[in-house]
Amino acid sequence: MTAPPTAGGTRVAFQGEPGAYANLAAREALPHAMAIPCPTFEDAIAAVRERKSDLCIIPVENSLHGRIADIHHLLPEAGLYIVGEHFQRVRHQLLGISGATLAGLKIVFSQGPALGQCRRIIRDMNLHAQVWHDTAGSARHVAELKDTSAAAIASSLAGEIYGLDVLRADVEDEPHNMTRFLIMAAEPDDAPPDAGPVVTTFIFRVRNVPAALYKALGGFATNGVNMTKLESYQLGGSFNATQFYADVEGHPSERHVRLALEELKFFSAVVTVLGVYPAHTFRRQGA
């Protein structure tokens with residue numbers, strides 16, 4: 001586990017219905033915390049800001065679909081700090097009510113991306129795919145329908161919660177479906193310099209001068225700092241105001257990281273560190 005130690009009373013907010021993959025991620029990353037479902041990402045973030053929850057766990061990117069829409073717009077304004085990360089393997093289960101059989105299925109419900117990740121079985125079984133707002137919500141819907149011809153694609157946790165049977169396990173087309181989650185808190189809790197591999201996440205906006213981005217990023221190359229993520233997005237609908245989101249390996253107290261950040265600040269109008277936190281063990285598996 002790479003998140004901070006938790007006590008029995010710790011609460012973690014997530015977006016989705018009970019049984020959503022974020023719920024599963026919360027259980028794996030923070031097994032002793034009480035998971036609190038929230039309708040939207042904004043609600044999950046607000047729950048921490050308003051002290052209704054101690055932490056929130058928010059998906060930021062998926063190995064098949066890229067970054068999660070709107071998250072990078074929410075993070076800078078959230079007023080929260082990243083204290084950990086979690087990589088969640090997404091395993092889709094074909095779920096049905098008791099008595100349902102594969103041969104009797106006609107329709108399958110799930111969220112759009114989940115249906116897109118399970119095209120092969122949907123095509124091979126000639127099922128009608130029906131988009132639902134949430135994977136866990138589709139499982140709840142199938143349970144309420146009590147129809148043996150209806151199935152849902154959702155997590156094993158959703159199946160447990162809503163009393164559904166796994167008609168076929170791990171039905172995703174690709175076995176490398178992975179979602180990265182950030183664990184966020186109302187107060188910073190930076191990893192100590194000697195805590196092992198760490199990730200530093202920050203946002204920045206370069207000055208409006210020629211080659212500013214090139215010069216701002218040059219310090220990471222010359223100081224040997226590995227930047228694992230760099231994404232840009234427009235601010236306020238303007239094509240002239242671009243903000244960048246970045247992850248780098250290393251702690252700001254390390255000399256090479258400190259020098260790189262100093263050079264970044266020299267060529268930037270704004271630099272905000274969102275968190276310094278332990279790198280998840282999954283990163284070493286891909287090394």
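Worth saying up front: this structure is predicted, and the values here are computed from it rather than measured.
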Side-chain donor-acceptor distances from residues 152-164 under 3.5 Å, at least two apart:
from   : atom 1 : to     : atom 2 : distance (Å)
Ser155 : OG     : Gly19  : O      : 2.7
Ser155 : OG     : Leu157 : N      : 3.4
Ser155 : OG     : Ala158 : N      : 3.0
Tyr162 : OH     : Pro18  : O      : 2.9

Report yes or no: do Phe282 and Val248 belong to one cluster of Ile/Leu/Val/Met/Phe/Trp/Tyr joined by side chain heavy-atom distances under 4.5 Å? no
Got a sec, which residues hit ring-ring contact (aromatic ring centres under 6.0 Å, His included) with His251, two or more places apart in sequence or on another chain? none
If I compare all heavy atoms of Arg207 with all of Phe266, which pair ends up nearest, and what's the gap? NE-O, 3.2 Å
As an exercise, state the distance from CD of Gln243 to CD of Glu231, rounded to the nearest 0.5 Å. 12.5 Å
Could you go step by step and tell me if Gln93 and Asp170 meet the side-chain hydrogen bond (donor to acceptor under 3.5 Å, both in side chains) rule? CA-CA 5 Å; Gln93 314 301 314; Asp170 299 344; 3.0 Å; yes
What is the distance from atom CG of Leu75 to atom OG1 of Thr272, rounded to the nearest 0.5 Å? 12.0 Å
Test ring-ring contact (aromatic ring centres under 6.0 Å, His included) applied to Phe244 - qualifying residues, sequence neighbours left out: Phe204
Using the side-chain hydrogen bond (donor to acceptor under 3.5 Å, both in side chains) criterion, which residues pair with Gln117? Sequence neighbours excluded. His65, His92, Asn177
May I ask you to test the Pro37-Phe14 pair for a side-chain heavy-atom distance under 4.5 Å? yes
What is the minimum heavy-atom distance between Val48 and Ala185, and which atoms define it? CG1-C, 3.9 Å
Between Leu80 and Ala186 the two heavy atoms that sit nearest each other are CD2-CA, 3.9 Å
By side-chain hydrogen bond (donor to acceptor under 3.5 Å, both in side chains), which residues pair with Asp173, not counting sequence neighbours? none
Consider only side-chain heavy atoms of I, L, V, M, F, W and Y, link residues closer than 4.5 Å, and tell whether Ile57 and Val276 are in one cluster. no
Can you list everything that forms a ring-ring contact (aromatic ring centres under 6.0 Å, His included) with Tyr245? Sequence neighbours excluded, please. His72
Non-neighbouring partners of Arg258 that pass salt bridge (charged side-chain N to carboxylate O under 4.0 Å, His left out), sequence neighbours left out: Glu262
Where is the tightest heavy-atom contact between Ala20 and Ala136, given as atom of each residue plus distance? N-CB, 3.4 Å
Within the 4.5 Å heavy-atom criterion, are Thr148 and Leu105 side-chain neighbours or not? no
Is a side-chain N or O of Glu28 found less than 3.5 angstrom from the main chain of Gln88, in a donor-acceptor match? no
Minimal heavy-atom distance between Tyr21 and Phe181, with the atoms involved, is O-CZ, 4.2 Å
Are Leu115 and Ile121 grouped together when hydrophobic residues (ILVMFWY) are joined by side-chain heavy atoms under 4.5 angstrom apart? yes
Would you say the side chain of Glu85 lies within less than 4.5 Å of the side chain of Tyr277, judging by non-hydrogen atoms? yes
Any salt bridge (charged side-chain N to carboxylate O under 4.0 Å, His left out) involving residues 50-61? Give me the pairs, sequence neighbours left out, ordered by first then second residue. Arg11-Asp54, Glu50-Lys52, Arg51-Glu187, Glu61-Arg180, Glu61-Lys229
Between Leu145 and Leu95, is there a shared hydrophobic cluster once you connect ILVMFWY residues whose side-chain heavy atoms come closer than 4.5 Å? yes
Partners meeting side-chain hydrogen bond (donor to acceptor under 3.5 Å, both in side chains) with Ser149 (sequence neighbours left out): Asp147
With sequence neighbours excluded, what pairs up with Arg89 under the side-chain hydrogen bond (donor to acceptor under 3.5 Å, both in side chains) test? Glu172
So Phe202 and Phe220, would you call those rings parallel, tilted or perpendicular, with 30° and 60° as cut-offs? parallel
To the nearest 0.5 angstrom, please state how far the CG atom of Leu259 sits from the CG atom of Leu264. 12.5 Å
Name all pairs fulfilling the ring pair (Phe, Tyr, Trp, His ring centres under 6.0 Å) condition that reach into residues 182-201, sequence neighbours left out, sorted by first residue then second. none
Spatial distance of atom CZ (Arg255) from atom CG (Asn223) [nearest 0.5 Å]: 7.5 Å
Step by step, work out the side-chain hydrogen bond (donor to acceptor under 3.5 Å, both in side chains) result for Asp247 and Thr228. CA-CA 6 Å; Asp247 293 334; Thr228 59; 4.5 Å; no
Shortest non-hydrogen separation from Val257 to Pro252 and the atoms involved: CG1-CA, 3.8 Å
Flag the pair Met227 / Leu217 as yes when at least one side-chain heavy-atom distance between them is below 4.5 Å, and no otherwise. yes
Connected via hydrophobic side-chain network under 4.5 Å: Val270 and Phe267: no
Interatomic distance, Leu74 atom CG to Met184 atom CE [nearest 0.5 angstrom]: 9.5 Å
side-chain hydrogen bond (donor to acceptor under 3.5 Å, both in side chains) contacts in which one or both residues fall within residues 126-136, not counting sequence neighbours: Glu17-His133
Gap separating the CG atom of Leu167 from the CG atom of Leu102, nearest 0.5 angstrom: 5.5 Å
Kindly indicate, with the supporting measurements, whether the criterion side-chain contact (heavy atoms from CB on, under 4.5 Å) is fulfilled by Asp165 and Ile97. CA-CA 6 Å; Asp165 294 337; Ile97 65 171; over 6 Å; no
